[in-house]
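In this chain, numbering begins with 1 at the start of the sequence shown.
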Amino acid sequence: MTHIVVIGGGPYGGTVANRLQKTGAKITLISRSEKALLLPAMIRLPFHKDPSRVSVELKDILNPNIELIIDQVVNVDESQVDVGAHDPVSFDRLVIATGAVWGDPIAPHKYQQNGIQEYAKEVADLGEKANNIVLVGGGALGVELAGEYAYHFPKKSITLIHSEKKLLDASAIDKVRDSVESQLRGLKVKLILGKKAEIRGQSVFVDGEEVPYDYLIKTTGPKANPPVSSIKGLVNEKNEIIINSKFQAECNPKIYAIGDVTNYPKRGLVSRENWLSIITHNLNEDIKGTSNYRTVDCPKQGAKSKSTFAVSVGPEGGAGQYILPFGCAFSLPRFAVVKAKSSTLFYSKLNSMFI
């Protein structure tokens, strides 16, 4: 029987494992935590402090026939996964879905070390005790966090510093970028745009002037979090797993990877179902020995092609865009973004995401 090992128990890894169970292969999922996190919902954890709205027990969402190993991966080679307290796990095919390392207040590695209840208290205390909150980086995460802090703490000083003259990046149309700026200003967020923040020790400077703060949040983006591996050529200079259009590692077609751990330039949940469909289809073709593979569109690295997405600006605000098949983009109405994302941040769909 073919043995497929999945590393990572998040909405990608857990879902791939469940869907591959239907192939008849033996499935083993290795996770360093007993819980799966919904990262988009983590931005609201410092305010509601309710772990049940951002996490779910893996044993409750995985097919009972899947072998679940809770342990730390210490090395991956061409044929097996070495884990800390268990015997090495050999594989015929491997799927890596270990995501990325993020900073506070959505740092999964801290939650996994200290427990989510303790982490919720820690990030809540940081915001509640601060009077001047400064965020560096005005991409999607910076916009969403600034919106949350401004909405929940209207009497605190919230400053967002972004190196570009408009918030978000070039993948967003101007109407969306202008909308989030207007909404943040409406929440009394101080925006410093078109200027780079310089962090020196415990101080932040813009144009040589210090920006005072008692809570600094760096929202300049996540870093890929691949497992320790002795496989040559698995990752690039950014520590991202290098994949092809079939979600296979370029260095070894027996190894697949998906999500933020890869060098695939597109991110987010909008296309998640399509990507999951492709990787599970290709693995099924692979283990059957057939080659009717499906591929995903791979934009050039560094390219800022327009894509469908939505960003929240607090629970009652947000903006987004939809890209038509022929490339035309139009902005989504605020009420639609609030209903689809901002109001709940998908937590009501957490369990169903693993089907």
Does a side-chain heavy-atom distance below 4.5 Å link [X] with [Y]?
X    : Y    : value
S230 : V76  : no
K35  : P51  : no
Y347 : H48  : no
L38  : M353 : yes
N75  : V81  : no
F247 : L283 : no
L234 : I242 : no
Y213 : T159 : no

Report the residues that fulfil side chain to side chain contact (heavy atoms under 4.5 Å, CB included) with [X], sequence neighbours left out, ordered by chain and then residue number.
X    : value
I355 : S352
V313 : V143, V180, Q183, L184, L187
V235 : P226, N239, I241
T290 : E285, K288

Distance-only, no hydrogens or angles: does the [X] side chain make a donor-acceptor pair with backbone N or O of [Y] under 3.5 Å?
X    : Y    : answer
S245 : T295 : no
D71  : A85  : yes
K156 : N132 : no
S90  : S79  : no
S343 : V338 : yes
R53  : L345 : no
S312 : G314 : no
D77  : I231 : no
H281 : Y293 : no
T280 : L20  : no

Would you check, one step at a time, whether the test side chain to side chain contact (heavy atoms under 4.5 Å, CB included) holds for V136 with T219? CA-CA 6 Å; V136 176; T219 57; 5.6 Å; no
Are [X] and [Y] ion-paired here, with the side-chain N under 4.0 Å from a carboxylate O?
X    : Y    : result
K49  : E128 : yes
E164 : R177 : yes
E198 : R200 : yes
E181 : K166 : no

Exercise: identify the closest heavy-atom pair between [X] and [Y]:
X    : Y    : value
A124 : P46  : CB-O, 3.4 Å
Q80  : F91  : N-CE2, 3.2 Å
Q248 : P253 : NE2-O, 3.3 Å
P40  : F346 : CB-CD1, 4.1 Å
V337 : V311 : CG1-O, 3.6 Å
A36  : F354 : CB-CZ, 3.5 Å

Is there a continuous path of hydrophobic side-chain contacts, each under 4.5 Å between heavy atoms, that joins [X] to [Y]?
X    : Y    : answer
I243 : I258 : yes
V204 : I158 : no
L141 : L216 : no
V296 : V16  : yes
L276 : L350 : yes

If only side-chain N and O atoms count, and only distance matters, is there a donor-acceptor pair under 3.5 Å linking E78 with N252? yes
Can you confirm whether the side chains of R294 and S277 place a donor and an acceptor under 3.5 Å from each other?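 There is such a pair (donor and acceptor under 3.5 Å, judged by atom type) between the side chains of R294 and S277.
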Rounded to the nearest 0.5 Å, how far does [atom2] of [Y] lie from [atom1] of [X]?
X    : Y    : atom1 : atom2 : value
S55  : Q117 : OG    : CD    : 9.5 Å
E57  : L62  : CD    : CG    : 11.0 Å
L160 : Y149 : CG    : OH    : 13.0 Å
K246 : S291 : NZ    : OG    : 8.0 Å
F330 : Q321 : CZ    : CD    : 10.0 Å
I323 : F309 : CD1   : CZ    : 8.0 Å

Walk me through it: do E209 and K195 pass the test salt bridge (Lys or Arg N to Asp or Glu O under 4.0 Å)? CA-CA 12 Å; E209 294 188 12; K195 300 180 183 293; over 6 Å; no
Scan residues 4-30 for pairs that pass side chain to side chain donor-acceptor pair (under 3.5 Å), counting only residues two or more places apart or in two chains.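 Only H3-T28, T15-R272, R19-E273, T28-E67 qualify under side chain to side chain donor-acceptor pair (under 3.5 Å).
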Going by ring-ring contact (aromatic ring centres under 6.0 Å, His included), name the residues that satisfy it together with F153, two or more places apart in sequence or in a different chain. F47
Only one of N131, L126, V134 passes side chain to side chain contact (heavy atoms under 4.5 Å, CB included) with D214; say which it is.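 Output: one option passes, namely N131.
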Could you go step by step and tell me if I69 and V89 meet the side chain to side chain contact (heavy atoms under 4.5 Å, CB included) rule? CA-CA 10 Å; I69 297 176; V89 183; 3.8 Å; yes
Honestly, is R93 close enough over Y256, meaning NZ or CZ under 6.0 Å from the six-membered ring centre and within 45° of the axis?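 Cation-pi check for R93 and Y256: fails.
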Evaluate I7 against L94 for side chain to side chain contact (heavy atoms under 4.5 Å, CB included), listing each step before the verdict. CA-CA 8 Å; I7 305 176; L94 176 68; 3.9 Å; yes
What verdict does the side chain to side chain contact (heavy atoms under 4.5 Å, CB included) test give for W102 and L39, after you've listed the backbone C-alpha separation in whole Å, the side-chain angles of each residue and the deciding distance to 0.1 Å? CA-CA 10 Å; W102 297 75; L39 283 178; 3.5 Å; yes
Within 6.0 angstrom of K349 NZ, more than 12 heavy atoms from elsewhere: no
